[in-house]
Amino acid sequence: MQDTCPTAAPREQSIFFINGYPCKNPTEVNAQDFKSTKLTVAGDTDNYLQSNVTMLTASEFPGLNTLGLSVSRTDLERDGSVPLHSHPRSSELLFVASGVVFAGFVDTNDKIFQTVLRKGDVFVFPKGLLHFCLNGGFERATALSFYNSQNPGVVNIGGVFGFDQERIVNITRSLVTDRDEL
């Protein structure tokens, strides 16, 4: 029995396998296994969506292994979006660090739950449900998401149905029912 199980580097051999990732030798575990600086810098938003999501799972952040957690940073330029998608293995807690974000999800009764979030606000996307976020302000927005899985997975509906990104962005934007809120 052990308290932690940081992911072993791919070249390391380990006899401990938990949840699909080998554990680092306990005598070699150190504080750096539980620290990451990968979310300190904004992601590249020079793309069609004008957004970037930087995800840290147990494979990129060794200290997360076996803890059932992962984290991501979302950067949204003005008019940026993260179109409809789902996480089949996790709920997502979205925390707005800066800017204004319009976020929502669609439940299994096809009801849309959406709201405007400002700095410090938190919104939850239930496990497996389609959800989205858009920049709802006039400046860059940054949000952090926390997942209750070390590998939440992502299902992009564009890939599933063969839709191009422009069509998915238009579908996502059409979900906004009260444009005055933005």
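Atom CG of Asp46 has 12 or fewer heavy atoms from other residues, nucleotides or ligands within 6.0 Å.
Annotation for Phe34 and Gly63: closest pair CD2-CA, 3.8 Å, computed over non-hydrogen atoms. For the residue pair Asn65 and Pro22, the shortest heavy atom distance occurs at ND2-O, 3.9 Å. The two residues Asp75 and Gly43 make their nearest non-hydrogen contact at OD2-N, 2.8 Å. Pairing each heavy atom of Ser51 with each of Asn47, the nearest pair is O-ND2, 2.8 Å. Shortest non-hydrogen contact noted between Thr115 and Leu117 is CG2-CD2, 3.7 Å. For the pair Ser90 and Pro152, the tightest heavy-atom approach, listed with the atom from each and the gap, is CB-CB, 3.4 Å.
The backbone N or O of Asn151 sits less than 3.5 Å from a side-chain atom of Arg89, completing a donor-acceptor pair. Thr4 places no side-chain N or O within 3.5 Å of a backbone atom of Pro6 that could act as its donor or acceptor partner. Panel note: side chain Lys38, backbone Glu60; a donor-acceptor pair is recorded below 3.5 Å. At distances below 3.5 Å, not a single donor-acceptor pair connects side-chain atoms of Arg140 with backbone N or O atoms of Leu76.
For the residue pair Asn52/Thr45, the side-chain donor-acceptor check at 3.5 Å is not satisfied. Residues Thr27 and Asn25 have side chains that bring a donor and an acceptor to within less than 3.5 angstrom of each other. A donor and an acceptor atom, one from each side chain of Thr57 and Gln150, are nowhere located under 3.5 Å apart.
Between Asp121 and Lys119, none of the side-chain N atoms (NZ, or NE/NH1/NH2) sits under 4.0 Å from a carboxylate O, so this pair counts as no salt bridge.
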Given Phe125 and Ser91, is the side chain to side chain contact (heavy atoms under 4.5 Å, CB included) satisfied, shown in steps? CA-CA 6 Å; Phe125 302 119; Ser91 295; over 6 Å; no
Evaluate the criterion side chain to side chain contact (heavy atoms under 4.5 Å, CB included) for residue pair Asn135 and Val101; output intermediate values, then yes/no. CA-CA 5 Å; Asn135 186 327; Val101 174; over 6 Å; no
Is there a side chain to side chain contact (heavy atoms under 4.5 Å, CB included) between Val82 and Leu49 once you walk through the steps? CA-CA 7 Å; Val82 177; Leu49 298 174; over 6 Å; no
Dump the intermediate steps for side chain to side chain contact (heavy atoms under 4.5 Å, CB included) on Glu92 and Phe123, then the final yes or no. CA-CA 8 Å; Glu92 176 180 349; Phe123 192 69; over 6 Å; no
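Identified under the side chain to side chain donor-acceptor pair (under 3.5 Å) test for residues 96-112, with sequence neighbours left out: none.
Clustering ILVMFWY residues whenever any of their side-chain heavy atoms sit less than 4.5 angstrom apart, transitively, puts Leu69 in a cluster other than the one holding Leu94. There is no path of hydrophobic side-chain contacts, each under 4.5 Å, that joins Leu67 to Tyr21. Cluster annotation: Val96 is not connected to Leu93 through the hydrophobic network of ILVMFWY side chains, with a link wherever side-chain heavy atoms come within less than 4.5 Å. Placement of Val106 and Leu134 within a single hydrophobic cluster is found when ILVMFWY residues are connected by side-chain heavy-atom separations under 4.5 Å, directly or transitively. Phe95 is not connected to Val116 by any chain of hydrophobic side-chain contacts under 4.5 Å among Ile, Leu, Val, Met, Phe, Trp and Tyr, and they are in different clusters.
Contacts of Phe146 classified as ring-ring contact (aromatic ring centres under 6.0 Å, His included), with partners at least two apart in sequence or in another chain: none. By the salt bridge (charged side-chain N to carboxylate O under 4.0 Å, His left out) test, Arg78 is found to be paired with no residue, residues two or more places apart in sequence or in another chain being considered.
The aromatic ring centroids of Phe105 and His131 lie 6.0 Å or more from each other. Under the 6.0 Å cut-off for aromatic ring centres, Tyr147 and His87 qualify, their centroids lying closer than that.
You'll find the side chain of Thr54 reaches within 4.5 Å of the side chain of Leu39, heavy atoms only. At least one side-chain heavy atom of Leu130 sits less than 4.5 Å from a side-chain heavy atom of Ile157.
Between atom OG1 of residue Thr7 and atom CG of residue Leu64 there is a gap of 8.0 Å, rounded to the nearest 0.5 Å. Considering CG of Leu56 and OG of Ser145, their distance stands at 11.5 Å, rounded to 0.5 Å.
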